[in-house]
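Structure record follows, encoded as structure tokens.
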Amino acid sequence: MPVLVTRLERFNAGHRLFRPELSDEQNLRVFGKCSNPSGHGHNYVLEVSVEGHIDPETGYLFDLKTLSGLINERIINDVDHANLNVDVEWMKGLNPTAEVMASTFWDRLEPHLPEGMLYRVKVQETDKNWAERLRELK
Ligand code: NI
């Protein structure tokens with residue numbers, strides 16, 4: 001019987017959502033308050049879920065300390081207290097929406113986990129808004 005295990009991490013980061021070819025007014029129409037040219041920050045919540053079978057010897061699916069270490073090493077250390085538009089080498093040129101972040105974070109983690117184990121990466125920007133990238137259903 002497969003189980004799902006989730007690790008939650010928090011980080012603070014600044015961003016501005018915009019397309020450089022649009023005016024500030026057009027960007028405001030598309031991206032709302034997140035397009036503010038002076039930038040702003042969010043207290044992000046990142047959830048990473050892995051799925052698979054319980055190891056009968058440990059009772060674990062995957063050691064959450066190991067998962068936490070991986071999330072910190074591959075993501076949090078680079079994005080915490082960063083400006084996502086300029087400070088993070090592997091996010092350069094990306095528009096840092098929650099959708100783009102969830103997808104980019106997935107790509108940062110997936111090669112470092114046992115094959116097929118990553119199930120869901122969720123990036124929560126506010127109490128009411130989040131985005132998730134999910135493994136394709138089997
Ligand atoms: Ni924003």
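All figures in this text were calculated on a predicted structure; none of them were measured in a lab.
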If only atom types and distance count, is the side chain of [X] paired as donor or acceptor with the main-chain N or O of [Y] below 3.5 Å?
X	Y	result
R16	S35	yes
D87	N83	yes
Q26	R29	no
R135	G116	yes
R74	R108	yes
N43	N12	no
N27	R19	yes

Any side-chain heavy atom of [X] sitting closer than 4.5 Å to one from [Y]?
X	Y	value
E125	H15	yes
L67	V5	no
V48	E9	no
W106	V123	no
S49	K122	no

Atom of [X], atom of [Y] and distance for their closest heavy-atom approach:
X	Y	result
V3	L61	O-CD2, 3.6 Å
R133	D107	NH1-OD1, 3.1 Å
C34	H42	SG-NE2, 3.6 Å
V88	D78	CG2-O, 3.5 Å
M101	P96	SD-O, 3.7 Å
A131	A102	O-CB, 4.0 Å

[atom1]/[X]: more than 12 non-hydrogen atoms of other groups inside 6.0 Å:
X	atom1	result
K65	NZ	no
L94	CG	yes
E21	CD	yes

Mind checking whether [X] and [Y] sit in one hydrophobic cluster, side chains of I, L, V, M, F, W, Y counted as touching below 4.5 Å?
X	Y	answer
F31	V100	no
L22	F18	no
L46	Y119	no
L70	Y60	no

Distance check, rounded to the nearest 0.5 Å: [X] atom [atom1] versus [Y] atom [atom2]?
X	Y	atom1	atom2	answer
N129	Q124	CG	CD	8.5 Å
E51	M117	CD	CE	8.5 Å
T97	E99	OG1	CD	4.5 Å
L134	L118	CG	CG	10.0 Å
L64	T6	CG	OG1	8.5 Å
T104	L109	OG1	CG	11.0 Å

>> Before you tell me yes or no, could you show the steps for W130 and V45 under side-chain contact (heavy atoms from CB on, under 4.5 Å), namely the whole-Å CA-CA distance, both residues' side-chain angles and the distance that decides it to 0.1 Å?
In response: CA-CA 9 Å; W130 63 85; V45 180; over 6 Å; no
>> Run the side-chain hydrogen bond (donor to acceptor under 3.5 Å, both in side chains) test against N95 and tell me which residues pass, sequence neighbours left out.
In response: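 side-chain hydrogen bond (donor to acceptor under 3.5 Å, both in side chains) list for N95, sorted by chain: empty.
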> Pairs in or reaching into residues 30-42: which pass salt bridge (Lys or Arg N to Asp or Glu O under 4.0 Å), with residues at least two apart or in two chains?
Replying inline: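 Those involving residues 30-42 do not exist here.
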> Which is it for F105 and I76 under the side-chain contact (heavy atoms from CB on, under 4.5 Å) test, yes or no, and what are the steps along the way?
Replying inline: CA-CA 10 Å; F105 292 178; I76 305 288; over 6 Å; no
>> If the condition is ring-ring contact (aromatic ring centres under 6.0 Å, His included), which residues does F11 pass it with, not counting sequence neighbours?
In response: Y44
